[in-house]
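Keep in mind the model is a prediction, meaning the values are calculated, not measured. In the text below, chain A, chain B and the rest are named by the order of the sequence lines, each starting its count at 1.
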There are 2 protein chains.
Amino acid sequence: MSSKLWYLKRCDLFERLTPEQAEQLEGRAIMRRFGRGDIIYLPSEMARSVLVLASGRVKIKGVTPDGKEFIYAFIEPGEIFGELALVGDSPREEFAEALEASEILAIDRDDLFALMAARPDVSLGITKLLGLRRRRIEMRLRNIMFRSNRQRVLGVLLELLDAYGERSGSDWRIRLRLSHQELASLIGATRETVTIVLGQLQLEGFIRVQRRLITILDRDRLVAESAAE
Amino acid sequence: MSSKLWYLKRCDLFERLTPEQAEQLEGRAIMRRFGRGDIIYLPSEMARSVLVLASGRVKIKGVTPDGKEFIYAFIEPGEIFGELALVGDSPREEFAEALEASEILAIDRDDLFALMAARPDVSLGITKLLGLRRRRIEMRLRNIMFRSNRQRVLGVLLELLDAYGERSGSDWRIRLRLSHQELASLIGATRETVTIVLGQLQLEGFIRVQRRLITILDRDRLVAESAAE
DNA sequence: TGGCGAATGTGTGCGACTTCACGGAGCCCA
DNA sequence: TGGGCTCCGTGAAGTCGCACACATTCGCCA
C-alpha cells in the first residue's frame, strides 16, 4: 500500500471508502513536504484544494493590519484543513503554517465534490466537520468578548484541556506545548500579560507551569473560577 | 398553496424541490409565532429542529457569565437558523430572540436529513451555508482581536454595509437599524464607547448618524482607514 | 398631546493592559 | 561545550476603555 493511501485511511472521513474509491482519490492527490515555519497557503491565494495533514503539526492563523498574529486553530495528523475551499470561489483569508516538519496531502476540491456526490456519508461528514469547527470558533468568540485577560486565559486553558488534555497521575496536562506568545495569540493579549496571569494562576495553585508544559492541578476549581462572575 | 409551503419556497435551499418533496416537508413542518423580545430557543435546550424565518427579524446571541449580551448574527426572512442542530447531539449554546413579531417554521432535523439524502444539492447547500457562516464568524474574530474600539467600529460598519447596505443617492446606508447598544454587543465594547466613536467618525466626515440610521458618506476613505495600521 | 420608557450625549475617575526596555534562563546544534 | 537564538520574567510609564452618574432627546402610544 502506498504511503499516500495509508495516510488517507488514517483520516476519519475516508476510512470507510471502498478500495476503488480510495485508490481513485489517492491517484489524484499530491503529497508535499514542508519544514518548520514554512507557509502552506496564504490569504488571497485561490482555494482549489483541501488539505490532509499526514504528519507534523500545522497552525491556521491570521495577521492584523498592524502585523500582530492571531491563531484560529491547530491541526493534528489525520485532520483536514483548508476545507473552506469547498465553499464558493473566494480566495483564502488565512494562513496555514507548518509548526514542524510536516507531510501534507492535497486533494483537488473537484475530486472531493465527486466523492461527496457518490458517498452521502462523506458529504455528511464534511457538513459535520464544518459545523464542529464553527461551534469551536463561536466558543472562542464567547471566551473573548467582554472578558478580562485572566478570564480569557482560564477559558483557553479549559478549551485546550478539552481538545488536547491527557492524564498525568491525578492531574491533567495539555499535550500541545505552547509558548506564552502562542497562548497570547489565541486570546488576543500580549505575551507579557499571559506570563503574568500564568504566574498568578500558578501561585494560586490552579496550575503548574514548566516552560511550555502546563499541568492543571485543580480542574474543578478552575472550571468554577472560569464560570464565575 | 398553503402559507407554510409558500414560505418554504422563499428559502433558497428549498426553492428547487419537486412538488412532492416540498409538500412532504411542509406537512411535517410546524409554524409558530413569536412577539418582540420572545426567546425562540435557549442554550442547553436539545437541538431537534432547524428553523426557517418566514417573517420578522431574529437575532442569535449569547450571554457572558456576568450577564453581558453579545450578538452572533441577525437573521432575515427566508434565512435558516439553528442549523447546528444538524451537527451531533449536543445542546444549543446560544439564544435566538425575536426582534419583532415573527413567524417561524420548524423542521425536524430527521426530516431534513432524509431530504439531504435524497437531494445532494440540498446537502451541498447546507454545507455551503455552514461554511459561509463560519467564514463570517472568523471575520468577526479577526475584526476584534488586537484592535481598538475605533477600528472595531469601522470594521463592523463595513461588515454591515456588505450584508445590509443599500444605495441612498450617492451614499450608502445600512438597512438594518441598530442601536448603539446592539453595535456594542457586536464588537465587545460598551454602549458609551460606541456613542463616542460614532460621534468622532461623524465629525471626521466618514458617516452621518441619525438615531438608528447610519449613512456611509465616504466608503473608500472608511475602507482605507479600517485597513490602515 | 402629554407622558413615559428607551436611546443617546457627556464627564470624571480609575484600573487593566499595553508598550518599551532589558536581564536572565533554557535549549539546540555546530 | 559554548555561542546564539528563542523564550520567559519583571518593571516603569502611559493610555485606552470601563464603570458610574446624569442630563437630554426621541418616539411611541394611550
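In 5' to 3' order, the nucleotides of DNA chain C bounding all contacts with chain B (an atom under 4.0 Å from a heavy atom) are C:dA7 to C:dT10.
A salt bridge does not link B:Glu26 to B:Lys9: none of the charged side-chain nitrogens sits closer than 4.0 Å to a carboxylate oxygen. Using a cut-off of 4.0 Å between Lys/Arg side-chain N and Asp/Glu carboxylate O, A:Arg142 and A:Glu138 are scored as not salt-bridged. By the 4.0 Å N-to-carboxylate-O rule, A:Glu159 lies too far from A:Arg136 to be salt-bridged with it. Taking a cutoff of 4.0 Å between a charged side-chain nitrogen and a carboxylate oxygen, A:Lys4 and A:Glu103 do not qualify as a salt bridge.
End-to-end axis angle of the helix from C:dT1-D:dA30 to C:dA30-D:dT1, from C1' rotation axes over five pairs per end: 50° (rounded to 10 degrees).
Scanning for ring pair (Phe, Tyr, Trp, His ring centres under 6.0 Å) contacts around A:Phe70 gives A:Tyr72, with sequence neighbours left out.
For A:Leu213 against A:Ile174, the heavy-atom pair with the smallest separation is CD1-O, 4.0 Å. Of all heavy-atom pairs spanning B:Arg191 and B:Ala184, the tightest one is N-CB, 3.9 Å.
For the pair B:Arg92 and B:Tyr41, the cation-pi test (distance below 6.0 Å, angle within 45°) is passed.
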> Could you run down nucleotides 12-29 of chain D 5' to 3' and tag each one B, S or - for protein heavy-atom contact under 4.0 Å?
Replying inline: -----SSSB----BSS--
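Under the salt bridge (Lys or Arg N to Asp or Glu O under 4.0 Å) criterion, the residue pairs touching residues 43-64 of chain B are B:Arg48-B:Asp110, B:Arg57-B:Glu100, B:Lys59-B:Glu69, B:Lys61-B:Glu69, B:Lys61-B:Glu97, with sequence neighbours excluded. Judged as a side chain to side chain donor-acceptor pair (under 3.5 Å), the pairs with a partner in residues 203-218 of chain A (not counting sequence neighbours) are, in order, A:Arg150-A:Glu204, A:Asp218-A:Arg221.
The nearest whole Å value for the distance from the CD atom in A:Gln210 to the P atom in D:dC7 is 18 Å. Whole-Å rounding puts the A:Leu201 CG to D:dG9 P distance at 13 Å.
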